[in-house]
Amino acid sequence: MARRPRPLRIATWNINSVRLRSARLGDLAAALEPDILCLQETKSPDEHFPLAEVKRLGFRHVLMRGMKGYNGVAILSRLPLAPVEGMPDWCTKGDCRHIAADIDLPGGPVRIHNFYVPAGGDIPDPEANPKFRHKLEFVEEATRFFQAGAADGGRTVLVGDLNIAPLPDDVWSHRQLLDVVSHTPVETEGLTRWLATAGGWVDAPRVTVPVPQKLYTWWSYRNRDWRLSDRGRRLDHVWLTPDLRGALKDTTILKDARDWPQASDHVPVMATLLI
DNA sequence: ATGGTAGATATTCTA
């Protein structure tokens, strides 16, 4: 008798300070009911992470990698997690931009990679701008990591703020953003090479909302009225290894979160798998 | 063409 597949909801959110916005985690949990929630830009050393609050919300299993002031990632889970050890120190900077875990599930584990790719500064020139060079090198290193077989075990979900909007319909104006960091050809081509690793990742939100529909996950703080101007970009991603393509049931982009009190400039993205 | 806002931290960096 075949086991009945059950929904597994995996969400990602650049929270832009977990200490400032810990109360919004309850709003997110109520709205999306994720089983797994991956955070980026927690901006908190691990000893100051609001762990008790997160556990009260039902995320009893938490892995984090934080530092003072910047960066920081975490995986919150209702299901048991096993940390994946021995991951690279990306660009040898020790700067808390990646954490990985195995979720214990019937039929075997599902591996989660949670990434926070460098934003890259303002000037899209790797010679003039070390932050942009770091971004390109980070994406190349991640590409080599998966080319070398890091997801060959299958059943892998890669999420995070990748800080690149790869497709023309992932930005409000393809033409006007071609020389803006996050949508330059050198970045989108780099992300496309990363996407082609692991046998070809499935870009989950683009399965349920195909091009040429516009799809954004981030709206700048520097707009008078983000909804009216709608100058968004799709910077936050959920990718699946090909063996999970058939399990993909739906995706959700929680646009309403951009209007929450003290909103993050990113909104949560979730994939529902039947697994 | 420019500057606009937000967060952590410390008087500036990152986004």
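The chains referred to below are lettered A, B, ... by the order of the sequence lines, with proteins before strands, and numbering in each begins at 1. This one's a predicted model, so the numbers in the text were calculated from it and none came from an experiment.
Using a 4.0 Å heavy-atom distance criterion, A/Arg231 is classed as making no nucleic acid contact. Backbone-only contact: A/Arg97 has heavy atoms under 4.0 Å from sugar-phosphate atoms and none from a base.
The number of heavy-atom neighbours closer than 6.0 Å to NZ of A/Lys249, taken from other residues, nucleotides and ligands shown, is 12 or below. Within 6.0 Å of the CG atom in A/Asp230, the count of heavy atoms belonging to other residues, nucleotides or ligands exceeds 12. Within 6.0 Å of CZ on A/Arg6 lie no more than 12 heavy atoms contributed by other residues, nucleotides or ligands. With a 6.0 Å radius and a threshold of 12 heavy atoms from other residues, nucleotides or ligands, A/Arg19 has its CZ atom above the threshold.
In terms of the ring-ring contact (aromatic ring centres under 6.0 Å, His included) criterion, residue partners of A/Phe115 (sequence neighbours excluded) are, by chain and number, A/Trp90, A/His98, A/Trp194.
For the 3.5 Å distance criterion, the side chains of A/Glu187 and A/Thr184 qualify, holding a donor opposite an acceptor.
Taking the six-membered ring wherever Trp is involved, the centroid distance between the rings of A/His113 and A/Phe146 falls below 6.0 Å.
Remark on DNA chain B: of its neighbouring residues A/Lys68 and A/Asn14, the 5'-side contact belongs to A/Lys68, judged by nearest-heavy-atom nucleotide. Residues A/Ser17 and A/Tyr221 each lie close to DNA chain B; by heavy-atom proximity, the contact nearer the 5' end of the strand is made by A/Tyr221.
Taking atom P on both nucleotides, B/dT14 is separated from B/dT9 by 14 Å, rounded to a whole Å. If you take atom C1' in B/dA15 and the same atom in B/dG4, they sit 14 Å apart, rounded to whole Å. Comparing B/dG7 with B/dG3, their P atoms sit 22 Å apart, to the nearest whole Å.
Of the residues in residues 114-128 of chain A, those with a non-hydrogen atom less than 4.0 angstrom from any atom of DNA chain B are A/Tyr116, A/Ala119.
In this structure, CZ in A/Arg231 is found 8.5 Å from OG in A/Ser173, a value given to the nearest 0.5 Å.
You can see that DNA chain B meets the heavy atoms of chain A within a 4.0 Å-exclusive cut from B/dG4 to B/dA15, reading 5' to 3'.
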